[in-house]
Amino acid sequence: MIDAAELKSIAAWAQGLSDAEIERARRGVSIKTFGRGAHLCHRDDKFEHWAGVVDGLMKFGSTDAAGRVVSFGGLPPGMWFGEGSLLKNEARQYDVVALRDTRLALMNKPTFDWLCDASVAFNRYLVRQFNERLGLFIALLEHARTLDATARVARNIAWLINPVIAPRAGDRIEISQEELGLLSGVSRQAANAALRQLAAEGLVTVDHRSVIVRDRTRLARYGGE
DNA sequence: GCATTAACAGCCG
DNA sequence: CGGCTGTTAATGC
């Protein structure tokens, strides 16, 4: 379990909770470290925790019929995920794996259920998160067929600094080009070319092992219209 | 053709 | 030195 101050610093949803609710929540949360390449869960696992990224970087994805890894997106510090499987009481839909050494906060299901029942603020957080994810999903559907490598990289960058879903991320993302490639489902070289293309258009600035976002809106729409 | 893997040199921390 | 980056060449769908 963790203390109240730590919980508040790693969880946006904790901001609106009463002291009593924080106290109850913190007792149900523990921190666990995952080494690069380690899985939090596999598809079809029964995994009864809600998870939040403290630091590091995770990704979620799947494996297609041919055995190839398919990435859906990145999970940056501040992002909480997995509520879908908890709410529906069913197995995981995705693999979740660490792209580098990552610390996760894990909340047990009884605590999650209790917060859902007890706290309006907690429910408001969940609704906001669902809404944001739905917007992303629709944008994906719209352009899924036509997105080239550069657009996929652009959208993954935009997703990583989504202020609603990942409120702790600033404009700067600490990520290597190899990790960005893994997230976006392209090779490291293609990620490199995409970054330089986006930099040339003024949407990002590329730095050593990090990317600074200049225009998140255009990044999120890149390749559409 | 476009994207990927492989390989290598240069750079940064 | 070890990890990251920028390029190029060869290969695959």
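Order of the sequence lines sets the chain letters (A, B, ...), proteins ahead of strands, with each chain counted from 1. Bear in mind the structure is a predicted one, so any value in this text is a computation, not a measurement.
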May I have the distance from [X] (atom [atom1]) to [N] (atom [atom2]), rounded to whole angstrom?
X: L195(A); N: dT7(C); atom1: CG; atom2: P; result: 13 Å
X: R36(A); N: dG2(C); atom1: CZ; atom2: P; result: 16 Å
X: D207(A); N: dG6(C); atom1: CG; atom2: C1'; result: 15 Å
X: L182(A); N: dT4(B); atom1: CG; atom2: P; result: 11 Å
X: R209(A); N: dT5(C); atom1: CZ; atom2: P; result: 7 Å
X: N192(A); N: dT7(C); atom1: CG; atom2: P; result: 7 Å
X: I175(A); N: dG3(C); atom1: CD1; atom2: P; result: 18 Å
X: D148(A); N: dT4(B); atom1: CG; atom2: C1'; result: 15 Å

I'd like a list of close polar pairs between nucleotides 7-13 of chain B and the protein, N/O only, cut-off under 3.5 Å.
{"residue": "dA7(B)", "atom": "N6", "partner": "R188(A)", "partner atom": "NH2", "Å": "3.3"}

Using a cut-off of 4.0 Å on non-hydrogen atoms, how would the nucleic acid contact of S176(A) be classed: base, sugar-phosphate, or nothing?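 Counting heavy atoms under 4.0 Å across all strands, the contact made by S176(A) is with sugar-phosphate only.
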Should the pair R43(A)-D95(A) be classified as a salt bridge under the 4.0 Å nitrogen-to-oxygen rule?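 Salt bridge between R43(A) and D95(A), a charged N being under 4.0 Å from a carboxylate O: no.
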Show your reasoning for whether salt bridge (charged side-chain N to carboxylate O under 4.0 Å, His left out) applies to D113(A) and K109(A). CA-CA 6 Å; D113(A) 289 340; K109(A) 179 168 163 57; 3.2 Å; yes
Please state whether the rings of F47(A) and H49(A) are parallel, tilted or perpendicular, taking 30° and 60° as the class boundaries.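 Tilted, since the angle between the ring planes falls between 30° and 60°.
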Taking ring-ring contact (aromatic ring centres under 6.0 Å, His included) as the criterion, tell me which of F122(A), W50(A), F130(A) meets it with W80(A).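 Answer after filtering F122(A), W50(A), F130(A): W50(A).
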Taking the six-membered ring for Trp and the single ring otherwise, decide whether the centroids of W13(A) and F112(A) are under 6.0 Å apart.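 No, the ring centres sit 6.0 Å or more apart.
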M58(A) and side chain to side chain contact (heavy atoms under 4.5 Å, CB included): which single residue from L99(A), V97(A), L183(A), L75(A) fits?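 The residue from L99(A), V97(A), L183(A), L75(A) that satisfies side chain to side chain contact (heavy atoms under 4.5 Å, CB included) with M58(A) turns out to be L75(A).
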